[in-house]
Amino acid sequence: MKLNDPAQLAARMVEVDADLDLAGMPSYSHMWATNAQLRADLARAEARLQMMTLALSKAKSHLLHVELIARSATSVEQVGRQLVQLRQDRDLLEAEWRARPEKTPPGDAPDA
């Protein structure tokens with residue numbers, strides 16, 4: 001069956017929705033809207049998961065660097081200097097990364 005006329009298509013959809021309603025099922029239109037909403041929810045959840053994974057990766061990296069600094073330093077002052085340098089290096093790398101928006105991970109952009 002080919003339905004090229006929008007009115008004919010709309011009439012057929014009303015029939016399908018009525019048949020589904022008689023069978024005790026949600027209408028096709030309702031299921032389509034629900035499916036679209038679920039896909040949008042999934043996309044948002046995936047984006048949040050990517051952001052959380054990135055944050056966890058960054059935190060692990062920071063922890064590893066701090067551990068290496070603490071184990072290799074000979075004085076408290078050296079630890080402080082190295083931590084300041086680490087922070088400056090990270091800020092510079094992050095600024096460079098944000099300057100390339102096409103490579104910015106989802107949700108990690110400055111306006112997110």
Side-chain angles (χ1 to χ4, degrees):
M1 167 178 24
K2 288 188 177 181
L3 300 174
N4 295 330
D5 178 28
Q8 195 179 18
L9 182 60
R12 183 65 183 135
M13 285 304 302
V14 169
E15 291 175 22
V16 169
D17 284 347
D19 290 343
L20 289 170
D21 188 42
L22 284 175
M25 296 176 62
S27 69
Y28 181 78
S29 303
H30 177 72
M31 288 188 287
W32 185 266
T34 300
N35 187 32
Q37 181 61 42
L38 290 172
R39 287 181 186 270
D41 291 346
L42 177 62
R44 282 189 297 275
E46 286 173 342
R48 282 194 310 269
L49 178 60
Q50 288 175 350
M51 290 182 336
M52 291 169 36
T53 301
L54 178 63
L56 180 59
S57 177
K58 287 168 69 175
K60 285 180 178 180
S61 176
H62 290 309
L63 180 59
L64 178 62
H65 280 103
V66 169
E67 285 181 26
L68 290 172
I69 288 169
R71 289 180 186 195
S72 64
T74 58
S75 69
V76 174
E77 291 81 18
Q78 185 182 4
V79 169
R81 286 191 308 270
Q82 288 179 326
L83 288 176
V84 168
Q85 184 63 45
L86 172 66
R87 194 172 299 123
Q88 290 171 345
D89 291 346
R90 293 288 176 143
D91 290 344
L92 180 63
L93 285 172
E94 192 162 331
E96 289 174 1
W97 184 261
R98 289 180 189 275
R100 297 179 287 163
E102 70 280 355
K103 301 230 186 230
T104 302
D108 200 38
D111 60 343

Just to verify, what does Glu96 make a side-chain hydrogen bond (donor to acceptor under 3.5 Å, both in side chains) with, not counting sequence neighbours?
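Counting only residues at least two positions away or on another chain, Glu96 forms no side-chain hydrogen bond (donor to acceptor under 3.5 Å, both in side chains).
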In a table with atom names and distances, give each donor-acceptor pair under 3.5 Å that connects a side chain of residues 29-36 to protein atoms at least two apart or in another chain.
residue: Ser29; atom: OG; partner: Asp17; partner atom: OD2; Å: 3.0
residue: Thr34; atom: OG1; partner: His30; partner atom: O; Å: 2.9

Pairing residues for [X] by the side-chain contact (heavy atoms from CB on, under 4.5 Å) criterion, not counting sequence neighbours:
| X | result |
| --- | --- |
| Ala73 | Gln78, Val79, Gln82 |
| Gln88 | Val84, Gln85 |
| Arg44 | Gln37, Ala40, Asp41, Arg48 |
| Thr53 | Leu49 |

For Glu15, all residues meeting salt bridge (charged side-chain N to carboxylate O under 4.0 Å, His left out), sequence neighbours excluded
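If we apply the salt bridge (charged side-chain N to carboxylate O under 4.0 Å, His left out) test to Glu15, skipping adjacent residues, the hits are Arg12.
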Nearest 0.5 Å, what's the CZ-CD1 distance between Arg71 and Ile69?
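Spacing of CZ (Arg71) from CD1 (Ile69) equals 12.5 Å.
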Hydrophobic cluster (4.5 angstrom, side-chain heavy atoms) - remaining members for [X]:
| X | value |
| --- | --- |
| Leu68 | Leu64 |
| Leu56 | none |
| Leu38 | none |

I need the minimum non-hydrogen distance between Arg90 and Lys58, along with the two atoms involved.
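Between these two residues, the closest heavy atoms are NH1-O, 4.5 Å.
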Please find the pair of heavy atoms, one from Val16 and one from Tyr28, that lie closest to each other, and give the distance.
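What the structure gives for the nearest pair is CG1-CB, 4.2 Å.
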